[in-house]
J.: 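Please find one structure pasted underneath; my questions will follow.
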Amino acid sequence: MTTHIVALGGSLLRPEEAEQRSQWFGQLRQLAVHLEGNGRKLGIVVGGGLPAREGITLARASTSDSYRLDTVGIAATRLNATILQQSLLDIGCNVCPIIPNSTEEATDLLDAHNFVIMGGTTPGHTTDAVAVALARDCGAPHCIIATNVSHVHDSDPRTDSSAKAIEELTLNQLAEITGTEPLEPGESAAVDPVAVKWAIEASMRLAVLDGRDLSILEDAIEGRPFVGTLIKVE
Ligand code: UTP
């Protein structure tokens with residue numbers, strides 16, 4: 001049975017929008033029940049979202065050491081992973097009760113569980129890169145990056161209103177857009193450059209899609225055409 005790996009952006013937990021948040025969690029629980037019913041296995045790597053940004057901002061008052069700030073960010077990702085883990089345990093899904101500390105540990109835990117949910121691992125990258133490493137380690141066919149934008153764009157749509165959505169590109173073309181320099185602690189980008197580098201090294205196909213609409217995530221998991229950006233090896 002194929003294992004699927006999803007990087008779930010922390011912004012999708014929507015700390016700022018109570019009503020949409022509870023709808024989204026309800027849909028996610030439904031999707032989990034459906035996937036488990038079909039015998040699917042899923043590794044979910046959850047981002048830190050608002051608590052990561054807030055925690056890193058608080059910590060910056062007393063340190064500018066990137067390793068320490070990343071450690072704060074990782075704690076936030078593990079908090080968000082725990083929220084998701086407890087939500088799915090609550091409805092009786094076969095979710096691993098441990099939040100693994102490494103992708104190797106997560107790969108082992110996927111043997112006995114339909115869902116393994118984790119956050120970050122070590123400083124120097126974001127949860128996008130952790131998801132790529134987990135996909136590589138457990139032999140997944142691709143890594144899905146569910147975020148809060150519809151596609152990868154040819155420039156940053158937050159600052160450039162003429163940015164164009166891209167439906168398909170290669171990993172090397174993606175690397176030209178993201179660059180190859182690691183991000184600063186708490187800095188966000190469409191896809192983490194370290195994740196792109198690791199995907200190139202592992203010849204790992206990526207799918208970037210809008211995780212606010214969980215039907216799109218389901219399409220990608222089920223191997224159907226999906227709305228978003230498909231990133232081919234070459
Ligand atoms: P995220 O993975 O949440 O960053 O990690 P993001 O891509 O901005 O994701 P969203 O906004 O949740 O979608 C948050 C911070 O935690 C540290 C980094 O400082 C990162 O910026 N981090 C995370 C690590 O150092 N290592 C990890 O494995 C994961």
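Both counts, for ligands and for their atoms, begin at 1 and track the order of listing. The basis for the numbers below is simple: all heavy atoms, side chains too, and nothing from hydrogens, waters or symmetry mates. This is a predicted model, so every value here is computed, not measured.
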J.: Taking the side chain as every heavy atom from C-beta outward, state whether T229 and L169 have any atom pair closer than 4.5 Å.
T.: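 The answer is yes; the side chains approach within 4.5 Å.
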
J.: Quick one, list the residues around ligand 1 where some non-hydrogen atom comes in under 4.0 Å, by chain and residue number.
T.: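 Within the 4.0 Å shell of ligand 1, which is judged on heavy atoms, sit G9, G10, G47, G48, G49, A52, I56, D70, G73, I74, T77, G120, T121, T122, P123, G124, H125, T126, T127, V130, P185, G186, E187, S188.
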
J.: Would you compute the distance between atom SG of C138 and atom CD of E104 and round it to the nearest 0.5 angstrom?
T.: 11.0 Å

J.: Do N114 side-chain atoms and K41 backbone N/O form a donor-acceptor pair below 3.5 Å?
T.: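 Flag not set: sc N114 to bb K41 has no pair under 3.5 Å.
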
J.: About how many Å separate CG of L13 and CH2 of W24, when rounded to the nearest 0.5 Å?
T.: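 Atom-to-atom, W24:CH2 and L13:CG are 5.0 Å apart.
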
J.: Could you name each residue pair satisfying salt bridge (Lys or Arg N to Asp or Glu O under 4.0 Å) that touches residues 210-232, not counting sequence neighbours?
T.: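 For residues 210-232, and leaving out neighbouring residues, the salt bridge (Lys or Arg N to Asp or Glu O under 4.0 Å) pairs sorted by first residue read R40-E222, E168-K232, D210-R212, D219-R224.
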
J.: Is a side-chain donor or acceptor of S87 paired with a backbone partner of I83 at a separation under 3.5 angstrom?
T.: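 No, because the side chain of S87 does not come within donor-acceptor range (under 3.5 Å) of the backbone of I83.
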
